[in-house]
Amino acid sequence: MASLTLPPAPPNPRQDAIDLHKAFKGFGCDNTAVINILTHRDSVQRGYIQQEYKAMYHEELSQRISSELSGHHKKAMLLWILDPAGRDATVLREALSGDTMDLRAATEIICSRTPSQLQIMKQTYLARFGTYLEHDIGHHTSGDHQKILLAYVGIPRYEGPEVDPTIVTHDAKDLYKAGEKRLGTDEKTFIRIFTERSWAHIASVSSAYHHMYDRKLEKVIKSETSGNFAFALLTILRCAENPAKYFAKVLRKAMKGLGTDDKTLIRVVVTRTEIDMQYIKAEYFKKYKKPLAEAINSETSGNYRTFLLSLVGHGH
C-alpha cells in the first residue's frame, strides 16, 4: 500500500507545469508550491507534467529543479520525478560508478525487487546509460556476490503465491547439506535456490528449515557466508518473508546513532512511497514504538524534511 496522497480530482498536468514555472520564477523559489504539487502526483501524472513543462518552456523540468533546489532536497526531488524503473536504474548506475560506488545500495535495489520490476529496470538501464546492467555488475563486483547478482537479474522467477511442499522440503535439505552439515559452505546451492525460487517459496523454505533443523535460516546464512554475498542472501530472504519489515529496519539503521545516512533515507522513502510505504510505517511503529514520520522529523530539516514528510504522510 502506497503512502502517496493524491487530490480528489485528477489535476491538469498543463496547469501543474504552469504553476511550477511560476514557483521557480522571480527571486528565490517557492519551495512549498513545488513540494505541494510534485509530492501529490503519481508516477504517470509526474511524467505528463514533465512533457508539458518541456513543451511550454523548452527546458527539462529536471534541469530547472537542479538549478533551483539544493542539497538533499534537490537529490530527493530529482529521484522522485523519475518513473519507478528509471529511478531504480539511476540509483543503480550511481551505486555502480567509480566515485559514488555503493555495493550495498546496488545489492538492496536488485535483491528487493520483483522479477517484473527487474525486467523493466534492465531495459531502462540500457536505454538510459547505453550499457547493460549485467556489464556494470560484472565490472564492479566479484566472487559469489557477483554470481548471485547476475543470476538474480537474469533468471525469470515465478511471482505467485503457490508453492510445492515437496520441493520446499527438498530445498531445505539441500541448504542443510550445503551449509551446516558440512565443513565449509557449498555456495553454489545457496545461489541456485535463492535465485531460482519465488519469494513465497523461499519464505516456505525458511520456515521448513526452522522446523526441520531447529535453526533459523537467517542465522545459518550469517554463520556460513559473509560480506556482500551474505548481504544479498539476507536481503532476498527478508524480502521474501516481509519486505515492509526489511525496509523499516533499513530506515531505522539510516537514522540511528550519530548523523543520518541521507542517501539511504532518500532512496528508501522515494522508491517505496508508491509501493508499500503504509506497510513500512506500520512495521516501523510496531518494532520501534515510534512513528516513522516522527523519526524523519527529528533527523531532517527545512524543505528536505517537508518533502520527505509529504511523501511518507503522518500517522503510523
Side-chain angles (χ1 to χ4, degrees), residues 1-6 35 38-47 72-73 75-95 102 104-121 124 152 159 199 231-232 234-256 260-288 290-297 299-300 304-316:
M1 249 181 75
S3 61
L4 187 71
T5 51
L6 302 174
I35 290 170
L38 291 172
T39 61
H40 299 296
R41 303 293 183 266
D42 65 26
S43 173
V44 175
Q45 291 166 337
R46 295 193 304 275
H72 297 312
H73 179 39
K75 267 201 180 97
M77 186 64 94
L78 286 174
L79 269 185
W80 171 246
I81 62 172
L82 297 169
D83 61 292
R87 195 188 297 135
D88 278 353
T90 304
V91 172
L92 263 180
R93 176 70 170 179
E94 197 178 291
D102 183 348
R104 287 263 159 141
T107 306
E108 176 203 286
I109 290 274
I110 290 168
C111 297
S112 64
R113 299 307 190 250
T114 64
S116 35
Q117 285 170 333
L118 287 172
Q119 241 0 74
I120 304 166
M121 191 257 289
T124 310
Y152 209 74
E159 289 186 44
W199 274 354
F231 182 69
L234 289 170
T235 303
I236 294 168
L237 177 62
R238 288 166 181 162
C239 288
E241 294 184 321
N242 186 343
K245 192 175 169 185
Y246 169 78
F247 283 111
K249 213 170 172 179
V250 173
L251 285 169
R252 170 72 171 182
K253 237 174 144 175
M255 294 187 280
K256 222 173 65 181
T260 306
D261 174 359
D262 290 287
K263 216 168 144 188
T264 300
L265 183 57
I266 292 168
R267 180 179 71 247
V268 176
V269 168
V270 165
T271 58
R272 305 314 287 188
T273 287
E274 287 181 275
I275 300 175
D276 55 359
M277 186 50 81
Q278 289 296 39
Y279 297 130
I280 294 171
K281 278 156 62 175
E283 289 288 347
Y284 194 95
F285 188 73
K286 194 166 118 189
K287 199 165 165 59
Y288 308 112
K290 178 183 188 176
L292 175 60
E294 201 181 292
I296 292 173
N297 189 49
E299 291 293 326
T300 57
Y304 171 47
R305 173 202 278 166
T306 310
F307 171 78
L308 292 179
L309 291 176
S310 299
L311 291 184
V312 167
H314 295 283
H316 43 268

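Just so you know, these numbers come straight off a predicted model, no measurement behind them.
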Distance-minimising heavy-atom pair for Arg87 and Leu79: NE-O, 3.0 Å
Donor-acceptor pair, side chain of Lys281 and main chain of Val312, under 3.5 angstrom: yes
Verdict with reasoning, Thr306 to His73, per side chain to side chain contact (heavy atoms under 4.5 Å, CB included): CA-CA 9 Å; Thr306 310; His73 179 39; over 6 Å; no
Over all atoms of both residues, closest heavy-atom pair of Ile236 and Cys111: CG1-CB, 3.7 Å
Heavy-atom closest pair, residues Thr235 and Ser112: CG2-N, 4.2 Å
Spacing of Met277 atom CE and Leu4 atom CG [to the nearest 0.5 Å]: 11.0 Å
Arg41 side chain vs Arg46 backbone, donor-acceptor pair below 3.5 Å: no
Glu94 side chain to Val91 backbone, donor-acceptor under 3.5 Å: no
Backbone N/O of Leu311 and side chain of Ser3: donor-acceptor pair under 3.5 Å: yes
Which atom of Ala295 lies closest to which atom of Tyr284, heavy atoms considered: CB-OH, 3.6 Å
Pairwise distance CD1(Ile280) to CE(Met1) - rounded to 0.5 angstrom: 12.0 Å
Derivation and outcome, side chain to side chain contact (heavy atoms under 4.5 Å, CB included), residues Tyr152 and Leu118: CA-CA 9 Å; Tyr152 209 74; Leu118 287 172; 3.9 Å; yes
Nearest atoms (heavy-atom pairs only) where Glu283 meets Ala248: CB-CB, 4.0 Å
Step-by-step side chain to side chain contact (heavy atoms under 4.5 Å, CB included) determination, Arg113 to Ile120: CA-CA 11 Å; Arg113 299 307 190 250; Ile120 304 166; over 6 Å; no
Donor-acceptor pair, side chain of Glu159 and main chain of Ser116, under 3.5 angstrom: yes
Side chain to side chain contact (heavy atoms under 4.5 Å, CB included) assessment of Met255 paired with Leu265: CA-CA 8 Å; Met255 294 187 280; Leu265 183 57; 4.1 Å; yes
Parallel, tilted or perpendicular, as decided by the 30° and 60° cut-offs, for the rings of Trp80 and Phe307: perpendicular
Whether Asp276 side chain and Tyr279 backbone form a donor-acceptor pair below 3.5 Å: no
Reported CG-to-NE2 distance for the pair Asp42 and His40, which is rounded to 0.5 angstrom: 12.5 Å
Value rounded to 0.5 Å, distance of CD in Gln119 from OG1 in Thr124: 10.5 Å
Side-chain heavy-atom pair Arg252, Lys287 within 4.5 angstrom cut-off: no
Considering all heavy atoms, the nearest Ile81-Leu78 contact: CG1-O, 3.5 Å
Interatomic spacing from CG in Asp261 to CG in Leu251 - rounded to 0.5 Å: 10.0 Å
Heavy atoms from other residues, nucleotides or ligands near NZ of Lys263 exceed 12 (cutoff 6.0 Å): yes
Exercise: do Asp88 and Gln117 side chains pair donor with acceptor under 3.5 Å: no
Result of checking Lys75, Arg267, His72 against Asp262 for side-chain hydrogen bond (donor to acceptor under 3.5 Å, both in side chains): His72
Interatomic distance, Leu309 atom CG to Glu294 atom CD [nearest 0.5 angstrom]: 11.0 Å
Close side-chain approach of Thr107 to Arg104, heavy-atom, < 4.5 Å: no
Pairwise side-chain contact, Lys249 with Tyr288, heavy-atom cut-off 4.5 Å (strictly under): yes
Check: Asn297 main-chain N/O paired with Arg305 side-chain donor or acceptor under 3.5 Å: yes
